[in-house]
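Throughout, numbering of the chain's residues begins at 1 and tracks the sequence.
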Amino acid sequence: MVDRGWIFAGDVTREGGRIKLDDAVWVFSWSSVGFDGVIADPKNKNVTLRKMPQPVDIPEASEIFCIPVEDGWGL
């Protein structure tokens with residue numbers, strides 16, 4: 001999770017105070033499943049994911065927490 005509530009998943013590279021996510025998805029919204037439900041089943045009909053058209057670049061200081069997920073999560 002990133003500052004101001006943004007949630008992304010992707011292949012992570014950390015370098016020079018930046019976090020780069022390749023093959024990134026944005027967890028846009030969810031309802032009736034809770035955040036643990038999103039992690040367990042990102043394809044649930046109550047979860048809306050959006051594929052990012054380009055890599056996501058985030059300042060390292062904006063990261064609030066990180067939860068490892070399996071390769072290809074949400075794709």
Nearest-0.5 Å distance, [atom1] of residue [X] to [atom2] of residue [Y]:
| X | Y | atom1 | atom2 | result |
| --- | --- | --- | --- | --- |
| Asn46 | Ser31 | CG | OG | 4.0 Å |
| Trp26 | Arg50 | CH2 | CZ | 5.5 Å |
| Cys66 | Met1 | SG | CE | 12.0 Å |

Contact summary for Trp73 and Ile39, nearest pair of heavy atoms: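 Closest approach of Trp73 to Ile39, heavy atoms only: NE1-O, 3.0 Å.
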
Atom of Val25, atom of Gly74 and distance for their closest heavy-atom approach: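 Heavy-atom minimum between the residues: CG1-O, 4.2 Å.
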
Full working for side chain to side chain contact (heavy atoms under 4.5 Å, CB included) between Phe8 and Val56: CA-CA 8 Å; Phe8 296 102; Val56 175; 4.1 Å; yes

Same cluster (ILVMFWY, side-chain, under 4.5 Å), Val12 and Ile64: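 Different hydrophobic clusters.
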
Path from Phe28 to Val38 over hydrophobic side-chain contacts below 4.5 Å: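 Phe28 and Val38: separate clusters.
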
Quick one: are [X] and [Y] in side-chain contact, heavy atoms under 4.5 Å?
| X | Y | answer |
| --- | --- | --- |
| Phe35 | Ile7 | yes |
| Ile58 | Trp6 | no |
| Val47 | Asp41 | no |

List, one per line, each side-chain donor-acceptor pair under 3.5 Å for residues 14-22, sequence neighbours excluded.
| unit_1 | atom_1 | unit_2 | atom_2 | d |
| --- | --- | --- | --- | --- |
| Arg14 | NH1 | Glu63 | OE1 | 3.1 |
| Arg14 | NH2 | Glu63 | OE2 | 3.0 |
| Arg18 | NE | Asp57 | OD1 | 2.6 |
| Arg18 | NH2 | Asp57 | OD1 | 2.4 |

Donor-acceptor pair, side chain of Trp30 and main chain of Pro42, under 3.5 angstrom: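 No.
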
